[in-house]
Structures are given as structure tokens and as C-alpha cells.
Novice: 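Please find one structure pasted underneath; my questions will follow.
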Amino acid sequence: ACRNLVHLFLGIDLVSAWIGGGANCVVHARRARKSPLPWVWPFLAQRCRTTGSTIARVSSQTLEKGSAADEESEPGDESLAEEDDYKTLPEGIPKGFYVVKQYKLPRGEDTFNFSSLDLGQSDINRLELTPHNVSLPVALMLLDPMEFPSMSRARKLCRKGNILLHRGPLVVDPSTPDAGPTFNLEKCKQGRVGDRVSIDDVVGKQERMSTGAGYITHHYEKPPIDLPVIYEDDEFALVNKPAGIVVYSHKGAGYGLMTIRAVLPYVLKPPAEGTRNVMRRPASIHRLDKPTSGILVVAKTKPALRNLSNQFHDRVVRKTYIAVINGLPDDLPENAISASEAHALGVDVDPSDDSKKWNLIQSPLEGQYATTVWRVVKYVKSMHANDGYLTLVELKPKTGRFHQLRRHMAWVCGRPLVGDSTYDGGTEEAMKFRGRGLFLCSTRITLEHPTYNTPDGRKKWNKIAESTEAEASNDILRYCKETDKVLVEAEIPLPNKFQSLLKHESERHLKFSEGIRKP
């Protein structure tokens, strides 16, 4: 109990790890990650990188430019690649994977030292760990404690197929003797959680690299779906989803290949040759309802997938929708907010523009917090609509609950979206507008670029900032000095059916009104 108090208030583990370094550093770093002192882990992580962990008396070599090749190698380390060209990297399994990092015992070492791991004797007995043979996840924790700080992290990469296991020492390929010892695919296999590793084996971390070839689509033809591409680069893309098409379909839903997921490989370009961690096929980050049209964010690499998913989870992404409401929605004075207040909520509103009147909806859905900011764009008279009007509104959701915009307008504002057969109540006024689809479109989105805001990505951004590539996309990519972020701001025009409906209803109302006035 006394030791825990010292650990809590004085951070004694930090001091011990900083002085001891090596194996002691890694052991205490694992504890510090769970410490209530938030500044402990960054210091220990840097200390581990500086001293180099000898917990397993192993060494790792990175097959990337600017890592192990730039530092003094420890005994047993060799530089296998001096260029960024992925073709210089050893091939992995299956085809398309390349080894970017390999681990092996340094010269003179002949045992695994797992005593410093946070494993009890029962775990050692259960996993059957010996100084000469350990399980693959345990080997990864020993070989690279910074990359694999926990058993779950090591198992995760094994399940994803990112670990390559070479049985026995590396051998020299007779066809390329100058390259030195390298991986022999006949002795390699994809590492699995249950595999065992002996002291002569070599473990590698592999990633899928883009070869510049197209996505694999030979097993089906392009679905008859028109999917315009708004913006794309090697990491992600923005597409304009049409109404009436689902983003993806689960088994038995009956949509077959008539999905956005099926058509993406046909309309998007593959990442440039050598791009790391590419996905076999593009994947959407979020979902738009089947009757909803508009901007959809798609990832092409795994790092972009993680980054963009986190942005949606943390509500960094700001979205704008345009909808047509059947009637006059309630805009009560007590729900009115200023532009600066709307901006402070985290939605895409210019805080200096006080000419627009915004309204706030904070109404829980299924017990979850849900917030929508909206305003009226214009009113159009109609012969068949509720209250004699159709209302064009701009909607900015802060949260993304199921059918949030549709339910907030129908339940809170008292007027449903035009064409919303789920929430329009089936009234006579609602039935007049059915059959034309839902009048809801995602017209604008703002997010942080998933790559250009990383250290390596910022270097790439600086190189292309003044190039023709940047000029071609200057309407979408923008550097924000206030936040020091490269932002992606995309906007699309409304589908033709919006203006067509409003114009038709306005002209029809005017025509019949004039006819009534005539004697």
C-alpha cells in the first residue's frame, strides 16, 4: 500500500526507470501507462527509445530509410534496405506484402529472457514458455516492447496477417549474393497466435504495399451505378453518393452488387506504387441512409481508415445537410442561438456572420445525447404541403445518431422531411409527395487530412504545396494557420430534384392562385 502511494504521488517508477534504463525501463513503462500521472508515459517511452531495451536481449532492424540505417547498429544488426523503393524490401506472404521490419537474436545470444515480462508463473506454465521456445505473441513482446507493449496488441497483428515467421536463420539467395541473408519464402509462413518461435527463427513485420495496379475486380462486373468522385489521393477519397443506393449490404439483404462498396474499386484509382498499408479495396468510413444523397468519405489505406474513423468518433468532422421540410418547422425564440454560439458547439458555422438565424435542437434519441443546429434558407408556397409551405433548411448535426436529422425535424420541429415515408405519419399532405424520394442531401464536409497532418505527411504536403497538384485541389485542401492543420473542405451543389420540386410547387401555387382571383 505504501509503495502504491509513492507511485501515485511521487512517480517513483519514473525515477527508477529513468536511472535504470534497458529492461527496467520497459517494465516500469508498462506500469506507467496505467498510472494516473499523465506525464509519466511520454518520458518513459523516450527513455526506452534512447537506452534501447535489452529485456529479451534481442535487437530489431527497420528496413526503412532514416531508421536503423541512420544509427549505429548494435551487434547482430544489418541494414537490408537503403531506399524508399518497396522493391528493395523482402517479399512477404501473401503476394503484395513486404517485410518492413525484422527481429532476430543478436550475436552471442542463445536464449529468450522472458523473466522481465509481466507474466505470472501460471501464465508461463500455461503458455509452455522455455528459454529456447516461446509463443509468437510473447516473442513479439520480447523483440519489440515499444511496438508490442501488450499481449493483445501482439495477438491482433498476428490475426491481421502482419507477422511473417521465417523458420531457421536467414539464407543468402544465390541469384543475389550481394544482398546478403534474406527471407526464403519456402521457409516462411504467416505468423498465427498459436505458433511457436525458437531462438534460430526470424520474425518480420509485413505490410501490404501498393504496386500501382488496379483493384481486384475480375470476379464481378461494374454495377450500373454513377458515382462521381469529388476528390481523391493515395490515402482517401470523397464521392458523391446517389440517392436510392445502399452504402453496403449485409448477407441476405437482397441488394447483391448494387452497393457503393461494390462500385468503389471501379471508380477510384489505386494508391501510388509503394504506398504502405494499402487496403485490398476501398472502404467507406461512415454511412448515409439509402434514400440520402451526398458526400461520402472513403479510405484507401489502413492508417487513413483509423485516422478518419477517430475523427468521426471524436466529432472532428463537420457536416452540412440540405433538406426540404413539409410545412413550417417550429423555430421557437427560446431555441434561437447566435452564429458564435453555434460555432462554439463545434459545427461548421462562420462565427462572424450574424445575418443568419440559427436554431438549436438538443433532444436525446434512445437515451443518447443528440444535437442539431439548423436554419431556414427559404419558404416556398405549395398547394399540397402542410401549412401551405415547403421549407428549405440547412442542417448541421453535432452528433450522428440513427436518423437524427429526420427524427429531430419530425418529432421536435413537428414537420417531417419531404419524401420521408418512415416519419411523415402517412398523412394526406405527406402522401402527395411520396414517390419522389427523400429530400435530404449531405452537401458539405470539413475534416482534417488523414496524412498531411502527420510528421511524414507534413513533409509531403510542403513539397506539393506550390506544385500543380496543389493548385488543382486548392478548392478542397487548405492549410489553417490557427490550428496548424491541413483541412479538407468539400462542397457539392444540390441535386436537380430539389430545385425542380420547389420551382414546380411555386409555379403551381401561383398559377392556381391567379386562376382563383379571375372572375
Novice: Let's go through Arg196 and Asp201 carefully: what are the C-alpha distance in whole Å and the side-chain angles of both, what is the deciding distance for salt bridge (charged side-chain N to carboxylate O under 4.0 Å, His left out) to 0.1 Å, and is it a yes or a no?
Specialist: CA-CA 10 Å; Arg196 309 293 297 185; Asp201 296 337; over 6 Å; no
Novice: For the pair Arg415 and Asp387, find out whether any cationic side-chain nitrogen is under 4.0 Å from an anionic carboxylate oxygen.
Specialist: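 Looking at Asp387 together with Arg415, the answer is yes, because their closest N to O distance falls below 4.0 Å.
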Novice: Regarding Asp195 and Lys189, does a basic nitrogen lie under 4.0 Å from an acidic carboxylate oxygen?
Specialist: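 Yes, charged N to carboxylate O under 4.0 Å.
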Novice: Are Lys205 and Asp144 close enough for a salt bridge, meaning some N to O gap below 4.0 Å?
Specialist: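 Salt bridge between Lys205 and Asp144, a charged N being under 4.0 Å from a carboxylate O: no.
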Novice: Would you say Asn496 has more than 12 foreign heavy atoms packed within less than 6.0 Å of its CG?
Specialist: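 At most 12 heavy atoms, drawn from other residues, nucleotides or ligands, come within 6.0 Å of this atom.
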Novice: Using the side chain to side chain contact (heavy atoms under 4.5 Å, CB included) definition, which of the options Ile295, Ile230, Leu268 pairs with Val239?
Specialist: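 When Ile295, Ile230, Leu268 are each tested with Val239, the side chain to side chain contact (heavy atoms under 4.5 Å, CB included) holds only for Leu268.
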Novice: Above 12 or not: heavy atoms from other molecules or residues under 6.0 Å from OH of Tyr369?
Specialist: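 Buried by this count: over 12 neighbours within 6.0 Å.
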Novice: Filter on salt bridge (Lys or Arg N to Asp or Glu O under 4.0 Å), then keep only pairs touching residues 480-503, sequence neighbours left out; what's left?
Specialist: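 Sorted pair list: Arg444-Glu491, Arg458-Asp484, Arg478-Glu489.
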Novice: Under 6.0 Å from the CZ atom of Arg401, do we count more than 12 heavy atoms belonging to anything else shown?
Specialist: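 Yes, enclosed.
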Novice: Nearest 0.5 Å please: distance from the CG atom of Leu487 over to the CD atom of Glu448.
Specialist: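 Rounded to the nearest 0.5 Å, the CG-CD separation comes to 6.5 Å.
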Novice: Counting neighbours of OH on Tyr389 that are heavy atoms of other residues, nucleotides or ligands and sit closer than 6.0 Å, is the number greater than 12?
Specialist: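 No, the 6.0 Å shell around OH holds no more than 12 heavy atoms from other groups.
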Novice: Who are the ring-ring contact (aromatic ring centres under 6.0 Å, His included) partners of Tyr423, not counting sequence neighbours?
Specialist: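 ring-ring contact (aromatic ring centres under 6.0 Å, His included) check on Tyr423 returns His403, Trp411.
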Novice: Is the shortest side-chain N to carboxylate O distance from Arg153 to Glu147 below 4.0 Å?
Specialist: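 So Arg153 pairs with Glu147 through a salt bridge.
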Novice: At what distance, to the nearest 0.5 angstrom, does NE2 of His166 lie from SG of Cys188?
Specialist: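 Nearest 0.5 Å value for the NE2-SG distance: 4.5 Å.
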Novice: How far apart are the C-alpha atoms of Asp424 and Arg434, what are their side-chain angles, what is the distance that settles it, and do they pass the salt bridge (charged side-chain N to carboxylate O under 4.0 Å, His left out) test?
Specialist: CA-CA 10 Å; Asp424 63 11; Arg434 285 194 182 180; 2.7 Å; yes
Novice: Charged N to carboxylate O below 4.0 Å: is that the case for Lys300 and Asp233?
Specialist: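 Here Lys300 does not pair with Asp233 in a salt bridge, since their nearest N and O are not under 4.0 Å apart.
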Novice: At what distance, to the nearest 0.5 angstrom, does OG1 of Thr259 lie from NZ of Lys290?
Specialist: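 The NZ atom of Lys290 is 12.0 Å from OG1 of Thr259, to the nearest 0.5 Å.
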Novice: Less than 6.0 Å separating the ring centroids of Tyr321 and Phe439?
Specialist: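 Not close enough - the centres of the two rings lie 6.0 Å or further apart.
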Novice: Regarding Gln190 and Arg192, is there a side-chain donor-to-acceptor distance under 3.5 Å anywhere?
Specialist: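 Yes.
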Novice: Should Arg375 and Glu394 count as an ion pair when the cut-off is N to O under 4.0 Å?
Specialist: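 Here Arg375 pairs with Glu394 in a salt bridge, since their nearest N and O are under 4.0 Å apart.
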